[in-house]
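We're numbering straight along the sequence, starting at 1. Hydrogens, waters and symmetry mates are skipped; everything else that's a heavy atom, side chains included, is used.
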Amino acid sequence: MASPAQKISISTGDALILVDVQNDFLPGGSLAVPQGDAVVPVLNRYLATFTARALPIYATRDWHPANHCSFKARGGPWPPHCVAETRGAQFAANLKLPPGAAIISKATTPDKDAYSGFEGTDLDARLRAQTIKRLFVGGLATDYCVLNTVRDARRLGYEVYLLADAIRAVNVKPDDGRQAEEEMQRLGAKPITLAALDT
Ligand code: VGL
Ligand code: ZN
């Protein structure tokens, strides 16, 4: 058997970032990501691992006003989704987010969109305050909010591990998700799966 790759040990300085694991991005939601629900059980295992080590967990959420500029009624590309305080904006019911997880709401005002969890939020400041150096990023959608969150994370100097088994793409064009994964790797994000974590 080929020698297994070096396992990754997580410890102080690491944080788990869950991107937009919200009902509207799951099957049955208004902007359903194909197989979006498949990320939840996998993310639950990453959550358990980070929780067991008392490492910080952040969950971003799209949190739009009803008249958001990204909605078709205003000339945007998307159907209404993740309207603040609605069921569609809630985290997936089976996502085991611990009570201590930090919630980062984004794109909360009518005239600005934000695909990145860093855009218009205090995510970077909060990570810096905790001297976080490495981010483990998964969630929805690969080709929008995961991609843009990872782009910003790399630009801001974080080491990034992409949770390749816990992301799914919208794929407006069939290749979008694959191209997004390639771009994230080009930017230095390292794809990993659960098996790579030393648990
Ligand atoms: C997203 C489209 C519109 C995402 C958010 O979370 O990837 N995609 N708003
Ligand atoms: Zn949105």
Side-chain angles (χ1 to χ4, degrees), residues 17-43 46 59-84 86-92 95 104-121 123 135-156 158 160-194 196:
I17 313 283
L18 306 191
V19 177
D20 297 9
V21 187
Q22 295 169 271
N23 288 326
D24 272 340
F25 297 127
L26 304 182
S30 66
L31 181 32
V33 176
Q35 300 167 29
D37 53 338
V39 304
V40 176
V42 186
L43 289 173
Y46 285 107
T60 72
R61 64 183 181 187
D62 230 17
W63 200 246
H64 299 318
N67 62 344
H68 192 247
C69 60
S70 77
F71 298 171
K72 283 178 176 156
R74 289 201 50 202
W78 306 116
H81 64 276
C82 298
V83 172
T86 65
R87 190 186 166 277
Q90 287 172 10
F91 292 116
L95 184 70
I104 303 288
S105 302
K106 63 185 171 61
T108 62
T109 60
D111 298 334
K112 261 207 196 104
D113 203 4
Y115 289 143
S116 164
F118 290 98
E119 201 177 338
T121 73
L123 179 57
L135 304 182
F136 292 74
V137 183
L140 303 170
T142 310
D143 36 359
Y144 293 93
C145 290
V146 173
L147 171 63
N148 284 278
T149 299
V150 167
R151 275 184 185 148
D152 278 348
R154 292 295 299 143
R155 188 175 49 75
L156 292 163
Y158 296 95
V160 174
Y161 290 89
L162 178 66
L163 309 182
D165 50 355
I167 54 175
R168 289 295 185 280
V170 178
N171 285 330
V172 170
K173 285 179 276 151
D175 219 28
D176 285 353
R178 196 184 57 78
Q179 285 188 27
E181 289 188 58
E182 282 178 9
E183 179 181 340
M184 291 187 272
Q185 288 187 55
R186 248 188 339 265
L187 294 173
K190 302 174 190 107
I192 63 162
T193 62
L194 265 174

Note to self: List the residues meeting side chain to side chain donor-acceptor pair (under 3.5 Å) with T149, not counting sequence neighbours, and say none if there are none.
What the structure shows: none
Sub-4.5 Å side-chain heavy-atom contact between [X] and [Y]:
X: T193; Y: V42; answer: no
X: V19; Y: F25; answer: no
X: D111; Y: R74; answer: yes
X: L163; Y: L43; answer: yes
X: K106; Y: F118; answer: no
X: Q22; Y: D62; answer: yes

Notebook entry, point to check: Around R87, counting heavy atoms of other residues, nucleotides and ligands shown, do more than 12 lie under 6.0 Å from its CZ?
Noted result: no
Check: Any donor and acceptor pair, going by atom type alone, linking the side chain of D24 with main-chain N or O of C82 inside 3.5 Å?
Finding: yes
Next item on the list: Report yes or no: does D165 contribute a side-chain atom to a donor-acceptor pair with the main-chain N or O of L194 at less than 3.5 Å?
Entry: yes
Distance-minimising heavy-atom pair for [X] and [Y]:
X: P77; Y: K72; answer: O-CE, 3.5 Å
X: A107; Y: A114; answer: CB-N, 3.6 Å
X: A153; Y: L135; answer: CB-CD1, 3.8 Å
X: S70; Y: D113; answer: CB-OD2, 3.4 Å
X: A169; Y: D143; answer: CA-OD1, 3.4 Å
X: W63; Y: A89; answer: CZ3-CB, 3.6 Å

Checklist line | Set of residues satisfying ring pair (Phe, Tyr, Trp, His ring centres under 6.0 Å) with respect to F136, sequence neighbours excluded | finding: F50, Y161
Between atom [atom1] of [X] and atom [atom2] of [Y], what is the distance when rounded to the nearest 0.5 Å?
X: E182; Y: L147; atom1: CD; atom2: CG; value: 12.0 Å
X: L26; Y: L31; atom1: CG; atom2: CG; value: 10.5 Å
X: N23; Y: H81; atom1: CG; atom2: NE2; value: 13.5 Å

Note to self: Under a 4.0 Å threshold between the charged nitrogen and the carboxylate oxygen, would D37 count as salt-bridged to R168?
What the structure shows: no
Margin query: One thing to verify: whether D20 and R61 come together as a salt bridge, which I'm taking to mean a side-chain N less than 4.0 angstrom from a carboxylate O.
Written below: no
Next item on the list: Could you please spell out the steps behind the side-chain contact (heavy atoms from CB on, under 4.5 Å) verdict for V137 and V160?
Entry: CA-CA 7 Å; V137 183; V160 174; 4.2 Å; yes
Notebook entry, point to check: Looking at residues at least two apart in the chain, or sitting in another chain, which of them share a salt bridge (charged side-chain N to carboxylate O under 4.0 Å, His left out) with R151?
Noted result: E183
Next item on the list: Among V39, T60, L95, find the residue that satisfies the side chain to side chain contact (heavy atoms under 4.5 Å, CB included) test when tested with L18.
Entry: L95
Check: Should the ring pair H64 and H68 be called parallel, tilted or perpendicular, given that the plane angle runs from 0 to 90° and is split at 30 and 60?
Finding: parallel
Note to self: M184 vs T142, test: side-chain contact (heavy atoms from CB on, under 4.5 Å). Steps then yes/no.
What the structure shows: CA-CA 10 Å; M184 291 187 272; T142 310; 3.9 Å; yes
